[in-house]
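Written below as structure tokens is the structure these notes are about.
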Amino acid sequence: MNRSIARSLFFGFLIILGCYWIWSHPVQAESSGGVVISPPFQQVVVGDGKGTAFDVTVTNRTTSDQSITATTVDFKSLDESGGVAFLGSEISELERKYGLANWLKLDAAPTIIPAGASKKIVVNLENREDLTPGGHYGAVIFKIEGDNASENSNSVDVKQVLASLIFAKKLGGERYDLKLSSLDPPPKLASGDQKVKLRFYNPGNVHVVPRGILRLKDSKGKVITTSLINQESGILLPESYRVYPVILKNIPVLPAGKYVLEAEYRYDGIEQTAKLTKEITIFDWRYAAFLGAVGSVSLVPLLLIRKFIAHRRRKKHKGRRKHYAAF
């Protein structure tokens with residue numbers, strides 16, 4: 001019997017200790033050479049004046065002079081992951097509605113930037129009557145034509161293209177709004193770190209930055225864990241969807257049952273929040289294994305007690321039979 005107890009304990013705790021977590025760390029790369037631009041993006045506000053001017057700095061970190069040309073294009077959301085797509089001449093009415101390139105003016109003539117030097121490119125945003133209130137989105141594209149090496153050089157001329165994104169907002173009719181359309185947890189939410197996808201929609205006419213808190217609650221409303229929404233300050237363009245992943249960290253091993261995901265959200269610039277909740281079912285095999293191990297350990301004393309009681313009864317019964325036989 002003692003061997004059976006030891007085996008139950010061993011396998012029970014082996015199951016509990018068998019779980020593990022793999023931690024992933026994002027890898028970031030930093031360029032130490034080439035031609036760089038600053039800032040990579042900027043937000044511009046257009047008021048009642050004729051226009052506004054801002055600049056983009058181009059720095060040549062190479063060892064040779066560089067010739068660059070600059071042009072302007074519109075951009076839109078590439079997909080719901082937050083990427084952008086630059087637009088050509090054929091664009092839809094929705095893309096044209098939020099375009100900006102038509103109102104951006106700059107000197108597109110070739111510019112020579114010496115090795116190790118920087119130059120500011122001035123961009124003028126014209127506030128014409130046809131620039132409607134709300135958000136408008138464009139980019140300044142810099143094409144690196146190559147160095148001034150001679151044509152008979154054996155070096156390979158690699159042309160580099162860089163972009164500086166511009167998020168413009170014209171005052172006098174902007175509409176802000178934000179809707180959370182869905183909460184999508186992983187198919188089998190369990191303990192550890194778990195990623196939940198929040199799909200936002202912006203029905204307004206200007207870009208916004210979603211903010212908020214995501215909570216995991218039990219059926220009684222007790223908060224188990226929380227995480228901030230959009231810690232990277234990702235921008236959501238007007239009339240567009242975007243998915244924001246949120247990591248719920250250090251979720252404990254939970255008993256099987258019903259739980260609630262609650263997102264309380266807003267956008268930058270207001271304090272009033274809205275909420276979206278979703279009921280989910282959690283079944284964590286670790287908790288089931290734990291219950292199995294505890295159950296097996298708890299069953300052993302009961303079996304011993306039952307066996308002891310049965311043994312006493314048999315012994316007592318035999319004593320009575322001997323007593324009756326004596327008479």
Side-chain angles (χ1 to χ4, degrees), residues 1-26 80-81 178-201 210-232 234 241-266 273-310:
M1 190 66 184
N2 291 334
R3 182 176 300 176
S4 177
I5 297 173
R7 188 180 296 111
S8 299
L9 288 172
F10 173 75
F11 283 108
F13 286 106
L14 184 63
I15 293 174
I16 296 174
L17 297 177
C19 59
Y20 64 93
W21 291 267
I22 300 176
W23 294 86
S24 61
H25 301 280
E80 296 185 6
S81 66
L178 181 65
K179 304 293 183 183
L180 178 56
S181 60
S182 65
L183 286 169
D184 297 316
K188 295 181 180 180
L189 194 147
S191 58
D193 293 353
Q194 299 291 329
K195 181 169 68 174
V196 180
K197 296 180 180 179
L198 281 67
R199 187 170 185 255
F200 282 98
Y201 176 64
R211 301 292 184 190
I213 300 176
L214 179 64
R215 303 180 181 93
L216 176 62
K217 297 182 176 181
D218 62 18
S219 58
K220 297 181 180 179
K222 180 182 177 181
V223 177
I224 298 170
T225 186
T226 64
S227 186
L228 294 177
I229 298 172
N230 191 22
Q231 298 187 59
E232 295 79 16
Y241 287 92
R242 181 173 177 178
V243 173
Y244 292 81
V246 178
I247 305 297
L248 288 173
K249 292 183 175 294
N250 302 321
I251 299 176
V253 177
L254 298 171
K258 299 292 185 180
Y259 294 83
V260 174
L261 280 173
E262 178 188 85
E264 184 176 3
Y265 65 95
R266 60 178 180 87
T273 61
K275 288 184 179 181
L276 180 66
T277 61
K278 181 176 183 178
E279 187 179 80
I280 59 175
T281 300
I282 294 179
F283 179 81
D284 195 332
W285 67 269
R286 298 171 183 85
Y287 187 78
F290 174 76
L291 290 181
V294 172
S296 63
V297 173
S298 303
L299 186 61
V300 171
L302 295 177
L303 292 176
L304 290 175
I305 293 173
R306 182 177 178 181
K307 184 176 182 181
F308 175 76
I309 293 175

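- Exactly one of I251, L248, N250 qualifies for a side chain to side chain contact (heavy atoms under 4.5 Å, CB included) with D193. That residue is N250.
- Residue K275 holds its NZ atom at 10.0 Å from CD1 of I213, rounded to the nearest 0.5 Å.
- Atom CG in L276 sits 13.0 Å away from atom CZ in R199 (nearest 0.5 Å).
- Within the 4.5 Å cutoff, side-chain heavy atoms of L216 are placed close to those of I280.
- The two residues K195 and P245 have their closest heavy-atom pair at CD-CB, 3.7 Å.
- A donor-acceptor distance shorter than 3.5 angstrom exists from the side chain of R211 to the backbone of N230, with no hydrogens or angles considered.
- From L198, atom CG reaches atom OG of S181 across 9.0 Å, with rounding to the nearest 0.5 Å.
- Looking only at distances, a side-chain donor or acceptor of Y244 sits under 3.5 Å from a matching main-chain atom of G234.
- Looking only at distances, a side-chain donor or acceptor of T225 sits under 3.5 Å from a matching main-chain atom of K249.
- Residues L178 and R266 come closest through the heavy atom pair CD2-O, 3.4 Å.
- With hydrogens and angles ignored, the 3.5 Å screen pairs no side-chain donor or acceptor of S227 with any backbone N or O of L214.
- To the nearest 0.5 Å, atom CG of residue L261 and atom CD of residue E279 are 10.5 Å apart.
- Summarising the geometry, atom OH belonging to Y259 is positioned 5.5 Å from atom CD1 belonging to I224; distances are rounded to the nearest 0.5 Å.
- Scanning all heavy atoms of the two residues, the minimum distance from E264 to I229 falls at O-CD1, 4.1 Å.
- Here the shortest heavy-atom pairing between T226 and R215 reads CG2-CG, 3.7 Å.
- When side chains are defined from C-beta on, K278 counts as touching D184, because their heavy atoms get closer than 4.5 Å.
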